[in-house]
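Whatever order the structure lists ligands and atoms in, that order sets their numbers, starting from 1. Just so we're clear, the structure is a prediction, and the values are computed from it rather than from any experiment.
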Amino acid sequence: MTADASRVVLVINAGSSSLKYQLIDLESGAARTGGGIQQIGEPSSRVGDHEEALRLAFAQLAEAGVDLTSCGLLAVGHRVVHGGNAFYRPTLLDDARIAELEKLSELAPLHNPPAVQGIKVARKLLPDVAHIAVFDTAFFHELPAASATYAVNRDLAQRWQIRRYGFHGTSHRYVSEQAAAFVGGPAAGLNQIVLHLGNGASASAIAGGRPVDTSMGLTPLEGLVMGTRSGDVDPGVISYLWRAANMSVDKIESMLNNESGLWGLAGERDFRRLHSMIESGDGAARLAYDVFIHRLRKYIGAYLAVLGHTDVLTFTAGVGENDALVRRDALAGMGELGIVVDERRNAAAGGGARRISADDSPITVLVIPTNEELAIARDCAGLLGR
Ligand code: ADP
């Protein structure tokens, strides 16, 4: 590829066993190319660690005809899950900042270490480019104290930075801005609920462009029922299992993160298959679905009350964008609360931003595809003033 004047950002999202990347063109907002490497470090995989994965990703980019040294690469944007108290803006990474980031790993042991590893390797492979971290917690940094504070011992909470941080912030911000654009008003004038329903799931309440509540907390475990995560449980469950079942804290944490949620209840986490299991009379799948929907409705009700007045409610992410049954059941019978879904619009196939509420629904209900990579790329360009 010859040198050109275009501006692109390579966005890297390194998870515990996966690494996804996209090369975003800032002019068009489109991904020039992208890909992912799964099952990193798993026994069956030929990719042993994130360094190998990133080298493989770079080789894939080269195969796709991308020369990272001459394609107009402005920055590498790294998605980092937990920013703790210290990081809540896009942050230019140097050795000192990375050392600080590493200290946060205790707060997010499942999520931050792979991101830090990805950052280190990417800096080694692309030493002359700006590397920028964009945090999933950033959007929720300014949650009101009443919503960010857990009612636990104040001194302990301060000492150990225990608060509700919130996650999926890049998505909640991007989708709420897109929703405002869709209904033709500035985000600052609207009260919104955003439901990000993917493998991980979270809800947020946003008043005039500022988040006022969100369902995830100190970690991405709190809140809605997810693919493999429990969401809300009585914290008493943890001490009870520790004492009565003799389970270690690590084991309990892993159970709540990896063996719970839809998977824990039904042995399936993909909604497409869950629906066919329900159709064929699988009682466990039915219960898992009902628990998921019940929890979701509870949060919607809570956020309608927190906001007092709501203008727009938006579904996003894999389930929110694609699963009409989930959207129907999440909002059924809420006419008196101001939500009337148009069944035909909801069931209509099609991607892109769309309205699914009836014309006379006081609250506008939308489906909007999220695009965290584009939001991260724009954050990088914004930080560099380009
Ligand atoms: P992640 O949190 O991994 O980014 P996604 O936002 O991509 O997750 O969502 C993945 C989930 O979306 C899948 O596990 C599946 O349950 C759901 N999903 C994807 N496509 C469809 C579809 N066409 N119909 C119903 N559910 C879908």
Side-chain angles (χ1 to χ4, degrees), residues 11-22 31 34-40 79-82 108 110-111 114-115 134 136 166-175 178 194-204 214-216 219-231 257-279 282 285-286 288-293 295-296 314-330 346-354 356 367-376:
V11 178
I12 296 179
N13 181 354
S16 52
S17 67
S18 71
L19 185 143
K20 291 185 266 185
Y21 64 92
Q22 273 191 18
I37 290 124
Q38 311 292 333
Q39 297 176 317
I40 300 168
R79 178 191 180 215
V80 181
V81 169
H82 214 312
L110 305 177
H111 298 93
V134 176
D136 243 28
F167 299 86
H168 290 148
T170 305
S171 178
H172 285 278
R173 175 167 59 99
Y174 175 82
V175 167
Q178 295 293 113
V194 176
L195 305 173
H196 175 111
L197 310 177
N199 272 321
S202 61
S204 67
T214 192
S215 59
M216 285 177 165
T219 75
L221 187 54
E222 191 178 343
L224 301 175
V225 176
M226 310 182 210
T228 63
R229 285 177 237 159
S230 61
N257 276 287
N258 305 320
E259 297 159 33
S260 296
L262 300 169
W263 175 261
L265 291 174
E268 177 55 62
R269 66 175 194 177
D270 189 302
F271 270 93
R272 288 162 287 196
R273 287 196 288 273
L274 201 65
H275 287 305
S276 22
M277 288 161 72
I278 293 170
E279 268 172 41
D282 188 317
R286 176 82 249 169
Y289 183 77
D290 290 347
V291 174
F292 177 91
I293 294 292
R295 182 84 52 84
L296 185 55
T314 306
F315 288 92
T316 192
V319 182
E321 290 166 30
N322 295 301
D323 198 320
L325 296 176
V326 164
R327 294 194 300 260
R328 180 196 72 187
D329 295 339
N346 181 43
R354 56 203 189 272
I356 59 165
V367 176
I368 295 193
T370 192
N371 192 341
E372 289 160 287
E373 289 78 11
L374 176 59
I376 290 172

Classify the ring geometry of His196 against His168: parallel below 30°, tilted from 30° to 60°, perpendicular beyond 60°. parallel

Heteroatom proximity flag, Lys20 to ligand 1, N/O under 3.5 Å: no

Any side-chain to backbone donor/acceptor pair from Arg327 onto Glu321? Under 3.5 Å, distance only. yes

Hey, is ligand 1 close enough to Ala317 that some N/O pair sits below 3.5 Å? no

Closer than 3.5 angstrom, by distance alone: can the side chain of Thr214 be matched with the main-chain N or O of Ala203 as a donor-acceptor pair? yes

Quick one: do the His275 and Asp323 side chains pair a donor with an acceptor below 3.5 Å? yes

Tell me the contacting part of His275 for ligand 1: side chain, backbone, both, or neither, using a 4.0 Å heavy-atom threshold, strictly below. neither

Identify, by atom number and element, the atoms of ligand 1 in contact range of Phe271, meaning under 4.0 Å from any of its heavy atoms. 15 (C), 16 (O), 26 (N)

Look at atom 8 (O) of ligand 1 and find which of Asn199, Val319, Leu325 reaches it with the closest heavy atom. Asn199

Looking at non-hydrogen atoms alone, which of Leu197, Val326, Asn322 comes nearest to atom 22 (C) of ligand 1? Asn322

Main chain of Val11, side chain of Arg79: is a donor-acceptor contact present, judged purely on distance under 3.5 Å? no

Gly200 touching ligand 1 at heavy-atom level, < 4.0 angstrom: yes

Nearest atoms (heavy-atom pairs only) where Ala201 meets Val225: CB-O, 4.1 Å

